[in-house]
A.B. asks: 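Mind looking over this structure? Questions follow.
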Amino acid sequence: MLAALGLNSLEDLVAHLPPEVLLRRPLDLPPGKSEYEISGWFRARAEENASAYACFLGAGAYRHYRPVLVDVIASRGEFLTSYTPYQAEISQGTLTAIFEFQTMICQLTGMEVANASMYDGSTAAAEAALMAARITRRRGIVAARTLHPEYREVIRTYARFAQMPVTESAYEPASGNLDLADLEARVGEDTAAVLVQSPNFFGVVEDVRAAAEIAHRRGALLVVVFTEAVSLGLLAPPADADIVAGELQSFAIPPSYGGPYAGVIATREQHIRQIPGRLVGETRDTRGRRAYCLTLATREQHIRREKATSNICTNQALVALMATVFMTVYGKEGLRHLAEQNLAKAHYLARRVSRRFSGPFFNEFVAVCPRAPEAINQTLLEKGVIGGLPLGRFYPELDGCMLLCATEMSRREHMDLVAEALAS
Amino acid sequence: MLAALGLNSLEDLVAHLPPEVLLRRPLDLPPGKSEYEISGWFRARAEENASAYACFLGAGAYRHYRPVLVDVIASRGEFLTSYTPYQAEISQGTLTAIFEFQTMICQLTGMEVANASMYDGSTAAAEAALMAARITRRRGIVAARTLHPEYREVIRTYARFAQMPVTESAYEPASGNLDLADLEARVGEDTAAVLVQSPNFFGVVEDVRAAAEIAHRRGALLVVVFTEAVSLGLLAPPADADIVAGELQSFAIPPSYGGPYAGVIATREQHIRQIPGRLVGETRDTRGRRAYCLTLATREQHIRREKATSNICTNQALVALMATVFMTVYGKEGLRHLAEQNLAKAHYLARRVSRRFSGPFFNEFVAVCPRAPEAINQTLLEKGVIGGLPLGRFYPELDGCMLLCATEMSRREHMDLVAEALAS
Amino acid sequence: MNGKARTHVSQNEPLLFEISSPGKRAWQLPPLDVPPADPAEVLGRDRVRAEIAGFPEVSEVEALRHFTRLASWNYAIDLGMYPLGSCTMKYNPRINEAVANLEGLLWAHPYQPESLAQGCLEIMAALEAALAEITGMDAVTLQPAAGAHGELTGLFLIRALLESRGNPRRKVLVPDSAHGTNPASVTMAGYVAENVPSCERGMMELATLERMVTEDVAALMVTNPNTLGVFEQEITRIAELLHERGALLYMDGANMNALAGIARPGDFGVDVLHLNLHKTFSTPHGGGGPGSGPVAVKRIFEPFLPVPRLVRRDNRWALDYDRPQSIGRVRAFYGNFGVMVRALAYIMAHGGEGLRKATLDAVLNAAYVRKRLEPYYEPATTAPTLHECVFSDARQARHGVRTGDIAKRLIDYGFHPYTVSFPLIVRGALMIEPTETESKLELDLFVEAMIRIAREAEEDPELVRTAPHHTRTSRVDEAAAARRPVVRWRPQPGCP
Amino acid sequence: MNGKARTHVSQNEPLLFEISSPGKRAWQLPPLDVPPADPAEVLGRDRVRAEIAGFPEVSEVEALRHFTRLASWNYAIDLGMYPLGSCTMKYNPRINEAVANLEGLLWAHPYQPESLAQGCLEIMAALEAALAEITGMDAVTLQPAAGAHGELTGLFLIRALLESRGNPRRKVLVPDSAHGTNPASVTMAGYVAENVPSCERGMMELATLERMVTEDVAALMVTNPNTLGVFEQEITRIAELLHERGALLYMDGANMNALAGIARPGDFGVDVLHLNLHKTFSTPHGGGGPGSGPVAVKRIFEPFLPVPRLVRRDNRWALDYDRPQSIGRVRAFYGNFGVMVRALAYIMAHGGEGLRKATLDAVLNAAYVRKRLEPYYEPATTAPTLHECVFSDARQARHGVRTGDIAKRLIDYGFHPYTVSFPLIVRGALMIEPTETESKLELDLFVEAMIRIAREAEEDPELVRTAPHHTRTSRVDEAAAARRPVVRWRPQPGCP
Ligand SMILES: Cc1ncc(COP(=O)(O)O)c(C=O)c1O
Ligand SMILES: Cc1ncc(COP(=O)(O)O)c(C=O)c1O
């Protein structure tokens, strides 16, 4: 090939670069390694991590059983190694799966349209706030303090640069629910969005309707956030929301030290042109057969550039596919049974410990610790159990508390160990 | 569907069976389990096995690195979940891969035709002996004592029922090679086949040409058996053999507690109609395009029934595909380098211990133990190393010896541990 | 075309050898941590080979693409119904693959100490027990690698038992409807196969056997339900007859998918039977294997079973090699362990109830297909059938369309064909086994395709005779392949 | 047709909702080992939902087949060349997948104790270090989830730094050839995007910038090599100019595949850049993601990087949240960890030498394609290009054939199209990026297909305008989709 180009060496190909930019030494990296060595190195790293521990951490990343079909399908080269489905005629597989994903998200959330995915729940929440601002042409954001603390941090970052003021509304100290009176007081004429999470960070199920009424009374939109998607199998959908922004990690997406996950934004039909991210729509081919394609691209950066609804381009397609397969495997009945098992496990554990909040909860709750949460966790670690998340870091007022999560994977004997550690 | 059949219940479907054959109770098996439970149960079993041990066992099952492409390809549903490629028009994938397999086996062994696979090396060896009997119209089998002891047992079983007498020829006590004089003495006018393994069970490379001369002088065929396919990357191919029967486990087929592996039989063109098992051949489709199909079916049981060359039907296609991918990944250069690494590792280890035999060896050799081999292995186990195979079980005269194998996966520090244990 | 399939662009791909070129590579090796050994020096120059002429050299992406493209030319259970009669092409659950690929199982060496192989042995023990319960037999060997290998092992056992009684006898009776492996195995076991004719409805008749079971007869090899899908109604009396005359009843268990949970061969007089884990127990066929063909026997055969036997000693599993009457080994090591893992996972997923339900669903699906196709195709029997249904091409043959043509045309309709021309007792047989894992939706598409083809056979027989029309490879010339067999690639003169 | 592709039978498949029927199931759950909780009781009746109307109910085999059939409708890198310009569709090594799926990594919870997450942290640290070395920058954050997210983070950092200096300024300059995410990110970061025109050969000119870089300008966002594949020859002087005037140089590193091992942005004056691990570092695109968009910066930006920062304390890795000047988080947790694992595996496999070689091969492949296609297609620039080559459809447009038509026709020839109509500065752009992992064989097939299409455009333009002809779905009506958007399935009136 060099010959065909009339060149003598590969170096000639970059000879036209300004001499001062050329790197005159080899990169300072270890020499290339074989598969065997690479696999050995990563195995060693994997072994440095916790493994074979029972784990009661939730807080935005949940341990649910991953049906084997998920990886069987998501590892197929045709899904794994294809690009964004710009060329519909050879991407109908991906497009059809996304269309099904969008539909199932609507069915689950009670919304009318859902996009093809966002980076994760936190950025979905932040983009939902920006979207609300575009729709309402207002700037204020009121975020519940019971919204995941890291989500609130992301919202704050996005809002700071978008010059949107953020306030946080309090929770009822007894129930762990949103303090509706406080919320009411914070929503004003410039409030674009009220962001509420349900089940909230404490696991407590919120009164979405009441929050919606408060928001709507002042012309603001209600954004309902979820981090534990399995709860949608059992809980009434947030149908009173204007926008739903969620994290689908619970749907067979591995915890993977925090990512890749898949966020999603769903909303009402009327807001479709303000939704960020990709959308797949139904259409026909030239022979009149049903087909799918990316649609409403005029919202997006590659057409609208600086006026786009968002800068998002690459999203989390393959991870959303995992969620799609998960929803397919569990289906209507299975998802409910799964949610009920989560409910049962968490309530079994909760009955054995001292709960901090009285509000109804799904599979997470806050426990009051008789000793420092860190000390309790240390005791548990020695028994092969990773305990709950000490809350002092995020809520100074909950310094002696931990957030515990039980899922269908939590075994009774481990829950009994946790209960024991929390009793002493 | 029951309605369409005019039935009331599923039971009606079997109501015509003689009443005395019907099982009137549920099967006494544990109730059906979920994926999660099944995976838990097998994980527990897997953990009861050795894991994370270094291992110096060979003896017909070798630990070689398995390139990741092997499972990526062999787990594709189109290969995994298809049947024998009877219907060529929708099986060209499998057929083409088998054609390539047959070709590569020929290239490796120096033979002219190879079949699509046998159950394993041991049954390939036994069937090769039967094949030789058909070709020569003789009955006697002479098997080298240095042929894998379990292979010899299989040959004995097959031969017993085929009424074929088996004798075993000795090895030279010093070199571990075939005792050619003894072989010469055993080959007679009714000898159909001489079976020799190279590298033999002691790891020693045999003089195939000399064995061939002895066999041929009396009108018998020479069957060369191999258990360590990686040796073919470096050793002169057994081109003087009439039939080569081998085990391909070394080619990225997991040890998997003894199976599934893949045997193969290769031979000269002239014997093609006596070869057992499936063969893929090249042909054309009606539009003149190259295509592949199963061929020479008239050798096989489904056409020839009691007169078939063998009863084999299902073979080891998917496992042979793994070997095909392995051969593709390593290719001409890689297989040689791999074999050279095996050679280097085994010779490194051998130089540090007392070898029982002086013959040239590839990646296995017999070590003389200063203490009982079992005791040495116990010491090694405590250091996380599975030592060699004590040979007393198969060769009483080698009671104080063990068979050690080193491959590219053997690490120097573990070999040093073995050397140390064998020194004390 | 139709509702089940369309055509789509499909990648071509030359043979590996044709895309090969020197220096391309898909491999890497770690650096040696020991000094290299000079092959010529340590082995002797003449023991070292020259380069492997013609062996491929491709890059990693080329290797992956090569096989991915090849894969896309295949049909598979994962793509749709695969109604090959006698093959029980059911869905292969992926949990089976997942557990079979656990490292502790995958990397277990057959000679690792028993104390460090208890997990493997426990799996084998659990499977032996489950198969004994399902079949109603007393003992099971897992060593045979496939169905035919099981047959051979079973016949070895029969011969060994009879030899121990003083006379191995000479013949084994095999019904004319039997699978080709049966007579072939008979020969390999040193017996002479004798054909038992079936009655018109496809069953064996006691009267015939009364005549045929002489002192020379070692055993009858029956497939039950037989290859027409018909349960041998006289099976218990046949077993009695054999036993009275000192002969044994061997059952080819390939069709256990019609019986599991419903009837147990051990209960109706069978002495020895083999199972196909790759049929009844859902392990994948892999384009032709691996399988596993366990043999289940009555107690009298136990001493003869292949070594080693799995035994419980001191509260753990051990392998017993000390079995003086054993027929010896039929295979190195312990059988296709990885396949056993999958089969056990399948049994665990189903439990007793689930197995029975699967059997009934398999029978239901076959009955439904039979019922819907009877108006269009000639049924091979009037007897009730179980897990499969067989037709003949008699009606279509009138238009010059044979079973093989109908099969090829099914491909255009997006299906894998049924089994063609088997069993031999049916002229132009179409042998259809849907299995329990097909949905009514898929069955209906299949039935509709079959009906349309029946119509095409009348209206446009040439269309059917020249099928398939929608595949990347049109009808393949099998006769030409056999005439001048080319079974390996060779460089073309003038090409690299 | 031609050498690269034929047509083959391809399974149809309805939507999940259309094959759904009550009672079918692909799920199982273990029995509860605790008492059940009554939802209505513990949650309150009105917090419990009714059934999820329309949600699918299918069997396990239906689920698997559904997605397997769908998969077979896709093109992918695993099937062939995917020359999407700007997307760097290179081979995705499978060792990366294997290590990313190790259980100890896959199941690591983001909040598990740091002492039990040292493996994850070590991986992140190793990747940060490698990326800093490759880019010549001082510090790296791995938090951004994709390229555009990286841009946003980078612009946040610039704004935070400038704010800390007292004036965030107002504008960010963006060349007219830039990717759409650049101006979109500028807006989201609270800046105004201003267009920088390219010169005729596709580069930025110092003179233009001299004029445009005012006191209002916070930064210039450059893509280098730019989207024409051309290296910005004046980049060091541009950087100096910006720095002199108190502005910063942001580089979109999407095209690092042209530079890795050859030139380092940090060495030619870049202050902030993002990388796309899913381009340069071979992590799979997955049909649109996940990606990972690390941001590498010069030392002055370190205090502003997102929290947490990875730090070494007491000889182990820890996460530092105490960074008062930090812009805060741009994402929950630490980023797309699984993607990082893959990218690090890629870097380890290549080493420094290997990365440089890959870059040169990528440039070679693009140069080869450019050279061979120049006689048939109008090159977009006379300047030398690096890892991609851009043409315009000017010659074909004369026959009424546009870049989008040529793209569709490529599908018939067995290829994925190039990037269509980008960059915007080229009318009717064909943007081709072969990457280093394509073999000459595949490149030649591509070139030949392009040449044949050029001929077809002259001789039979209608053929090209109505392509593709060999796909299961013919040309799709995108306008209709946008006109009346149907973005979810709904039950058809009268259907189940
Ligand atoms: C009835 C019957 N018997 C025996 C066999 C042989 O089994 P295998 O192919 O596993 O050797 C088959 C397989 O096709 C069969 O259908
Ligand atoms: C030049 C350029 N910049 C930015 C991006 C955006 O990257 P991502 O899709 O990862 O957000 C792309 C991706 O297509 C690109 O090509």
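We name chains A, B, ... by the order of the sequence lines, and we start the count at 1 in each one.
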A.B. asks: Could you tell me if the side chain of Thr286(B) sits less than 4.5 Å from the side chain of Thr466(C), heavy atoms only?
C.D. replies: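 With C-beta onward as the side chain, the pair stays apart.
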A.B. asks: Measure distances from Val48(C) to the heavy atoms of chain B and classify the residue's part below 4.5 Å as side chain, backbone, both or neither.
C.D. replies: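 Backbone plus side chain of Val48(C), per the 4.5 Å heavy-atom cut-off to chain B.
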A.B. asks: Checking Asn74(C) side chain against Glu78(B) main chain: does a donor-acceptor pair fall under 3.5 Å?
C.D. replies: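 Side chain of Asn74(C) to backbone of Glu78(B), a donor-acceptor pair under 3.5 Å: yes, one is there.
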A.B. asks: Please indicate whether Lys357(C) has more than 12 foreign heavy atoms, meaning atoms of other residues, nucleotides or ligands, lying under 6.0 Å from its NZ.
C.D. replies: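 No, because the 6.0 Å sphere around NZ of Lys357(C) holds 12 heavy atoms or fewer from other groups.
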A.B. asks: Any non-hydrogen side-chain atom of Arg356(C) less than 4.5 Å from a side-chain atom of Pro26(B)?
C.D. replies: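 No, too far: nothing below the 4.5 Å cut-off.
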A.B. asks: Closer than 3.5 angstrom, by distance alone: can the side chain of Gln118(C) be matched with the main-chain N or O of Glu48(B) as a donor-acceptor pair?
C.D. replies: no
A.B. asks: Checking heavy atoms, do the side chain of Gln107(B), its backbone, both or neither come under 4.5 Å from chain C?
C.D. replies: both
A.B. asks: If I take atom CH2 from residue Trp73(C) and atom OG from residue Ser91(B), how far apart are they, to the nearest 0.5 angstrom?
C.D. replies: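 Answer rounded to 0.5 Å: 12.5 Å.
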A.B. asks: For Arg284(B), is it the side chain, the backbone, both, or neither that has a heavy atom closer than 4.5 Å to a heavy atom of chain C?
C.D. replies: backbone
A.B. asks: So, do Thr471(C) and Gln92(B) sit near enough that their side-chain heavy atoms are less than 4.5 Å apart?
C.D. replies: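 They are not in side-chain contact.
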A.B. asks: Report which part of Arg76(B) has an atom under 4.5 Å of a heavy atom belonging to chain C: side chain, backbone, both, or neither.
C.D. replies: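 Contact with chain C involves the side chain of Arg76(B) alone.
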A.B. asks: Quick one: pull up OG1 in Thr96(B) and CZ in Phe67(C) and give me the separation to the nearest 0.5 Å.
C.D. replies: 10.0 Å
A.B. asks: Tell me, side chain or backbone of Leu7(B) under 4.5 Å from chain C's heavy atoms, or both, or neither?
C.D. replies: neither
A.B. asks: For Glu51(C), is there an ion pair with Arg336(B) - N to carboxylate O distance below 4.0 angstrom?
C.D. replies: no
A.B. asks: Strictly distance-based, threshold 3.5 Å: is any side-chain N or O of Gln341(B) a donor or acceptor partner for the main-chain N or O of Pro30(C)?
C.D. replies: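 Judged by distance alone, yes, a pair lies under 3.5 Å.
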A.B. asks: Is there a side-chain contact between Leu108(B) and Phe55(C), using heavy atoms and a 4.5 Å cut-off?
C.D. replies: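 Side chain of Leu108(B) against side chain of Phe55(C), heavy atoms only: contact under 4.5 Å found.
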A.B. asks: Side chain, backbone, both or neither: which part of Thr295(B) has an atom under 4.5 Å from a heavy atom of chain C?
C.D. replies: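 Contact with chain C is through the side chain of Thr295(B) alone.
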A.B. asks: Which answer fits Tyr261(B), side chain, backbone, both or neither, if we ask what part of it has an atom under 4.5 Å from a heavy atom of chain C?
C.D. replies: both
A.B. asks: Tell me, side chain or backbone of Val72(B) under 4.5 Å from chain C's heavy atoms, or both, or neither?
C.D. replies: side chain
A.B. asks: Rounded to the nearest 0.5 Å, what's the gap from CD on Glu153(B) to CD1 on Ile327(C)? Could you check?
C.D. replies: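 Going from the CD atom of Glu153(B) to the CD1 atom of Ile327(C) covers 11.5 Å.
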A.B. asks: Less than 4.5 Å apart, side chain to side chain, heavy atoms only: is that true for Pro360(B) and Arg47(C)?
C.D. replies: yes
A.B. asks: Any non-hydrogen side-chain atom of His179(C) less than 4.5 Å from a side-chain atom of Cys313(B)?
C.D. replies: yes
A.B. asks: Rounded to the nearest 0.5 Å, what's the gap from OH on Tyr330(B) to CD1 on Ile52(C)? Could you check?
C.D. replies: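 Tyr330(B) atom OH to Ile52(C) atom CD1 measures 13.0 Å (nearest 0.5 Å).
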A.B. asks: Let's test your reading of the structure: which of Glu103(C), Glu57(C), Gln233(C) forms the most heavy-atom pairs below 4.5 Å with chain B?
C.D. replies: Gln233(C)
A.B. asks: Could you look at His16(B) and say if it's the side chain, the backbone, both or neither that has a heavy atom under 4.5 Å from chain C?
C.D. replies: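 Its backbone and side chain both get close to chain C.
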A.B. asks: Using non-hydrogen atoms only, which part of Pro35(C) is less than 4.5 Å away from chain B: side chain, backbone, both, or neither?
C.D. replies: both
A.B. asks: Test Glu89(B) against every option in Lys408(C), Arg472(C), Arg475(C) by the salt bridge (Lys or Arg N to Asp or Glu O under 4.0 Å) rule and name the one that passes.
C.D. replies: Lys408(C)
A.B. asks: What part of Arg411(B) gets closer than 4.5 Å to chain C, counting heavy atoms only: side chain, backbone, both or neither?
C.D. replies: both
A.B. asks: About how many Å separate CZ of Arg488(C) and CD of Glu282(B), when rounded to the nearest 0.5 Å?
C.D. replies: 12.5 Å
A.B. asks: Considering non-hydrogen atoms only, spot the tightest contact between Ala4(B) and Tyr368(C) and give its length.
C.D. replies: CB-CE1, 4.0 Å
A.B. asks: Just by distance, do the side chain of Glu35(B) and the backbone of Ile95(C) share a donor-acceptor pair under 3.5 Å?
C.D. replies: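 No.
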A.B. asks: Under the side chain to side chain contact (heavy atoms under 4.5 Å, CB included) rule, collect the residues that match up with Thr298(B), sequence neighbours excluded.
C.D. replies: Ile303(B)
A.B. asks: Relative to each other, are the rings of Tyr158(B) and Phe156(C) parallel, tilted or perpendicular (30° and 60° limits)?
C.D. replies: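 The rings of Tyr158(B) and Phe156(C) stand perpendicular, inter-plane angle above 60°.
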A.B. asks: Output yes when Asp120(B) and Arg331(C) qualify as a salt bridge under the 4.0 Å nitrogen-oxygen rule, no when they do not.
C.D. replies: yes
A.B. asks: Which atoms of Ile386(B) come close to chain C, meaning under 4.5 Å heavy atom to heavy atom: side chain ones, backbone ones, both, or neither?
C.D. replies: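 Side chain only.
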A.B. asks: Please list, chain by chain and in numerical order, all residues satisfying side chain to side chain contact (heavy atoms under 4.5 Å, CB included) with Glu112(B), sequence neighbours excluded.
C.D. replies: Arg268(B), Glu269(B), Arg490(C)
A.B. asks: Among Leu84(C), Val341(C), Leu16(C), Leu386(C), who wins on heavy-atom pairs under 4.5 Å with chain B?
C.D. replies: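 Among the listed options, the one with the most contacts to chain B is Leu16(C).
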A.B. asks: If I take atom CD1 from residue Ile73(B) and atom CG from residue Leu64(C), how far apart are they, to the nearest 0.5 angstrom?
C.D. replies: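 Nearest 0.5 Å value for the CD1-CG distance: 5.5 Å.
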A.B. asks: Has the side chain of Thr283(B) got a donor or acceptor atom that lies under 3.5 Å from a matching backbone atom of Asp477(C)?
C.D. replies: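 Yes; at least one donor-acceptor contact below 3.5 Å.
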A.B. asks: Give me the atom names and distance for the closest heavy-atom approach of Pro260(B) to Asn336(C).
C.D. replies: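 That closest heavy-atom pairing would be CA-OD1, 3.1 Å.
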A.B. asks: So what's closer than 4.5 Å to chain C heavy atoms on Thr94(B): side chain, backbone, both or neither?
C.D. replies: both
A.B. asks: What is the ring orientation for His148(B) with Tyr111(C), classed by angle as parallel under 30°, tilted 30 to 60°, or perpendicular over 60°?
C.D. replies: parallel
A.B. asks: Please determine which of His285(C), His278(C), His416(C) meets the ring pair (Phe, Tyr, Trp, His ring centres under 6.0 Å) test together with Tyr83(B).
C.D. replies: His285(C)
A.B. asks: Please tell me if the side chains of Leu70(C) and Glu100(B) come closer than 4.5 Å, counting only heavy atoms from C-beta onward.
C.D. replies: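 Leu70(C) vs Glu100(B): side chains touch.
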A.B. asks: Does atom NE2 (His337(B)) have a neighbourhood of more than 12 heavy atoms from anything else shown, all under 6.0 Å?
C.D. replies: no
A.B. asks: Just checking, is any N or O donor in the side chain of Glu20(B) or Thr236(C) under 3.5 Å from an acceptor N or O on the other one?
C.D. replies: yes
A.B. asks: Which region of Leu10(B), side chain (C-beta onward) or backbone (N, CA, C, O), has a non-hydrogen atom less than 4.5 Å from a non-hydrogen atom of chain C, or is it both or neither?
C.D. replies: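 Looking at Leu10(B), backbone and side chain both touch chain C.
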A.B. asks: Which answer fits Pro18(B), side chain, backbone, both or neither, if we ask what part of it has an atom under 4.5 Å from a heavy atom of chain C?
C.D. replies: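 Both the backbone and the side chain of Pro18(B) come within 4.5 Å of chain C.
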A.B. asks: Side chain, backbone, both or neither: which part of Met415(B) has a heavy atom under 4.5 Å from chain C?
C.D. replies: side chain
A.B. asks: For side-chain contact (heavy atoms from CB on, under 4.5 Å), just list the numbers for Gln87(B) and Val420(C), CA-CA rounded to whole Å, side-chain angles, deciding distance to a tenth of an Å, and then say yes or no.
C.D. replies: CA-CA 10 Å; Gln87(B) 297 291 340; Val420(C) 175; 3.8 Å; yes
A.B. asks: Looking at Ala184(C), Gly328(C), Gly287(C), which makes the most heavy-atom pairs under 4.5 Å with chain B?
C.D. replies: Gly287(C)
A.B. asks: Check step by step if ring pair (Phe, Tyr, Trp, His ring centres under 6.0 Å) holds for Tyr119(B) and His149(C).
C.D. replies: CA-CA 9 Å; Tyr119(B) 301 138; His149(C) 204 211; 4.5 Å; yes
A.B. asks: Is there side-chain contact between Glu11(B) and Leu360(C), with at least one heavy-atom pair below 4.5 Å?
C.D. replies: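 Heavy-atom side-chain distance check passes, below 4.5 Å.
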A.B. asks: Among side-chain atoms of Asp285(B) and Thr473(C), is any donor-acceptor pair under 3.5 angstrom?
C.D. replies: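 Asp285(B) vs Thr473(C): no donor-acceptor pair found between side chains.
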A.B. asks: Of the listed residues (Asn49(B), Thr103(B), Leu23(B)), which shares the most heavy-atom pairs with chain C below a 4.5 Å separation?
C.D. replies: Asn49(B)
A.B. asks: Ignoring hydrogens and angles, tell me if any N or O in the side chain of Thr187(C) forms a donor-acceptor pair with the backbone of Glu306(B) under 3.5 Å.
C.D. replies: yes
